[in-house]
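Reminder, nothing fancy here: chain letters follow the sequence lines and each chain counts from 1.
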Number of protein chains: 2
Amino acid sequence: MTLTDLRYLVALARERHFGHAAERCNVSQPTLSVAIKKLEEELAVTLFERSAADVKITDIGARIVAQAEKVLLEAGQIKELATAGRDPLSGPLKVGVIYTIGPYLLPHLIPRVHEAAPSMPLLIQENYTARLAESLKRGDLDVIVVALPFEEPGIVTQAVYDEPFRVLMPAGHAWEKEDAIAASSLAEAPLLLLGAGNCFRDQVLEVCPMCRSGEGLQRTLEGSSLETIRHMVATGAGITVLPSSAADPLPNGNALLSVRPFVAPEPFRRVALAWRVTYPRSGAIDVIRSAILSSPLAGVRAVSR
Amino acid sequence: MTLTDLRYLVALARERHFGHAAERCNVSQPTLSVAIKKLEEELAVTLFERSAADVKITDIGARIVAQAEKVLLEAGQIKELATAGRDPLSGPLKVGVIYTIGPYLLPHLIPRVHEAAPSMPLLIQENYTARLAESLKRGDLDVIVVALPFEEPGIVTQAVYDEPFRVLMPAGHAWEKEDAIAASSLAEAPLLLLGAGNCFRDQVLEVCPMCRSGEGLQRTLEGSSLETIRHMVATGAGITVLPSSAADPLPNGNALLSVRPFVAPEPFRRVALAWRVTYPRSGAIDVIRSAILSSPLAGVRAVSR
DNA sequence: CAATGGTGATAGAGATTAACTATACAACGC
DNA sequence: GCGTTGTATAGTTAATCTCTATCACCATTG
């Protein structure tokens, strides 16, 4: 029993004439005749009464035809589903973002994506890089926004933008008179750091090797976010390093904080998109990339493909 | 897209492993692999993400699999319908009976059929032979009970029983003293006849050729039934001829009527079943025949096959 | 870093199935 | 009877399905 057989069956039930039904199915009369006979044998049921005058459907035949129509209808739905799902910009996209990007990127990203792909709702999750990578590989996420380096088997990454680091200090801090801060001097200040797991923490420590070795005055704040650290800096608890997208928008309306760049060469992080090599909706990822690049993130420089 | 393809699809969605899914479908891995690929091409949609680690279903793939399961379920229903409908004694049987048999046969027939085939309800229609034949050929009826001769192209008949004719007269009628009535004497009495269209009318007239030529005292009662004629006879309106199944049960409790047989050779009618040659539920017809033969119809003689 | 094992894709051969054309067969109507 | 109409059957061709064997890929492991 194939879907073709069922189509023949339904056609014959409608036409009540082998020849006409065959014509409607674009096959020869013997083809349809044989198919119906085969179907009757397979089901061990007489579906039609053939006579010279005409073709009559049996009671059981009518019931089976009705069911066959239901099957064909449902089968047709598959094609419709496929057609609807063919657009990579249709259907939800599961996006992961690291904690140190999400709060600054998402407010810009969401409206832009919604405009570019109205029928692609975003399901967003913030987490550590390692957790995001796990979810991505498992298929719980479709694309993640992370900082490089990021290497995983089966995962491709595409750099999107570079983002310089800034020093954030309380207003009135001694360094406020400097135009730019040397990375080496970070070890001299009480540096507030994110907890382990945040890649940004590691990147900051890389900027200041002495801090990593524990020789500085840095303090690790487990369970904190850049925002909570910023508030702590505002109260004079220490200084910190922020990515420009988090730091630059601040001072305008915030009298308690001062932001300074690093002296060249400025340390920076490279933010990238990552997805499974096998992920088929590349169009959706393009939309995300474009939306990120058109977002007004302070201080960032696009990375050409 | 075939039902087999859909089975492969569903299996793969369940197993998430081409080899295992193929095994479950009793095919080789390449077979399933190729089938899935073909399906994806036909639908122009990626259903699965293949990677070395595992097989992930895409969102659209999951939706299509759900639909495929629905299709397979409905298709399975066809087989169940066929299994259920394979029994010729299941499902309603559309029976037609001529007016001059129905009232005497059906009360006996129905309980017997119900006992022999409890899941075969009877849909019964009484009508003239010609009308029944038309309905039978059209497929509105499955089997009819008529009197022979009955010849129709595409219709087979099977004689069931012979039924002698009787003369019915009012109690106290002059012929009451006779043991048997000669057919030729019918022309001498006011004979009440059914309207045209009733085959029994013609058969009675055949018994009495003089009546046919209009030389007797007979009166045709259009729109009547044997029962109404019987009541008329009881009031003394005339005499009539009845089949034994209608006549013989009467006199016992009916002081107003007398019944007499004809002199040998008794005229009789041969009652038969008729159905389309193509009708597949011959088992159902056998049941009807048996039920008729086991019915206690007065005076009838079974006709051997 | 090379070897290994597991997994899906591909190639080519063989068998099955489905389709066609031609024709037989059956039933009715003239 | 004989032609017409309509379905079934035969035989052939073509498409398709399925198989075995093998490749290619990747991730793990010694």
Next item on the list: State plainly whether the residues Glu69(A) and Arg14(A) are in salt-bridge range, i.e. N to O under 4.0 Å.
Entry: yes
Notebook entry, point to check: Considering heavy-atom distances to DNA chain C, does Glu152(B) or Lys38(A) have its closest nucleotide positioned more toward the 5' end?
Noted result: Lys38(A)
Next item on the list: Would you kindly give the CD-to-P distance between Glu40(A) and dT7(D), to the nearest whole Å?
Entry: 13 Å
Margin query: Can you identify which nucleotide, out of dG8(C), dA21(D), dA8(D), has its nearest atom closest to the Pro30(B) side chain?
Written below: dA21(D)
Check: Over how many whole Å does the gap from Arg16(A) atom CZ to dT7(D) atom P extend?
Finding: 13 Å
Check: With sugar-phosphate meaning primed atoms plus P, OP1 and OP2, does Asp5(B) contact a base, only sugar-phosphate, or nothing at under 4.0 Å between heavy atoms?
Finding: nothing
Notebook entry, point to check: Could you state the CZ-C1' distance from Phe18(B) to dT10(C), rounded to the nearest angstrom?
Noted result: 13 Å
Check: Please give, in whole Å, the distance from dA19(C) C1' to Ile36(A) CD1?
Finding: 15 Å
Next item on the list: Compare the minimum distances between each of dG8(C), dA8(D), dG6(D) and the side chain of Ser33(B), then state the nucleotide with the smallest one.
Entry: dG8(C)
Checklist line | Presence of salt bridge, Lys56(A) and Asp54(A), under 4.0 angstrom | finding: yes
Check: Nearest-Å distance, CD1 (Ile57(B)) to P (dG8(C))?
Finding: 14 Å
Notebook entry, point to check: Does a side-chain N or O from Lys37(B) land closer than 4.0 Å to OP1 or OP2 of dT10(C), or not?
Noted result: yes
Checklist line | Residue closer to the 5' end of DNA chain C, Leu12(B) versus Tyr8(A) (nearest nucleotide) | finding: Leu12(B)
Check: What nucleotide, of dT7(D), dA9(C), dC20(C), holds the atom closest to the side chain of Arg50(B)?
Finding: dA9(C)
Check: Where the side chain of Gln29(A) is defined as all heavy atoms beyond and including C-beta, which of dA8(D), dC19(D), dT10(C) is the nearest nucleotide?
Finding: dA8(D)
Note to self: Using whole Å, what does the distance between atom C1' of nucleotide dA9(C) and atom CZ of Phe48(B) come to?
What the structure shows: 16 Å
Margin query: dG6(C), OP1 or OP2 - any side-chain N/O from His17(B) closer than 4.0 Å?
Written below: no
Check: Mapping Leu32(B) and Ile155(A) onto DNA chain D by nearest heavy atom, which one lands closer to the 5' end?
Finding: Leu32(B)
Note to self: Rounding to an integer number of Å, can you tell me how far Met1(B) CE sits from dC17(D) P?
What the structure shows: 13 Å
Item checked: Under-4.0 Å salt bridge between Asp162(A) and Arg270(A) -> yes
Check: How close or far is atom P of dT5(D) from atom CG of Asp54(A), stated in whole angstroms?
Finding: 16 Å
Notebook entry, point to check: Of the nucleotides dT18(D), dT21(C), dG6(D), which has the atom closest to the Thr4(B) side chain?
Noted result: dT18(D)
Item checked: Under-4.0 Å side-chain N/O to phosphate OP1/OP2 contact, Thr31(B) with dC19(D) -> yes
Notebook entry, point to check: Is the closest basic N to carboxylate O distance between Lys137(B) and Glu49(A) below 4.0 Å?
Noted result: no
Next item on the list: Verify whether one side chain among Thr100(B) and Arg269(B) offers a donor that lies under 3.5 Å from an acceptor in the other.
Entry: yes
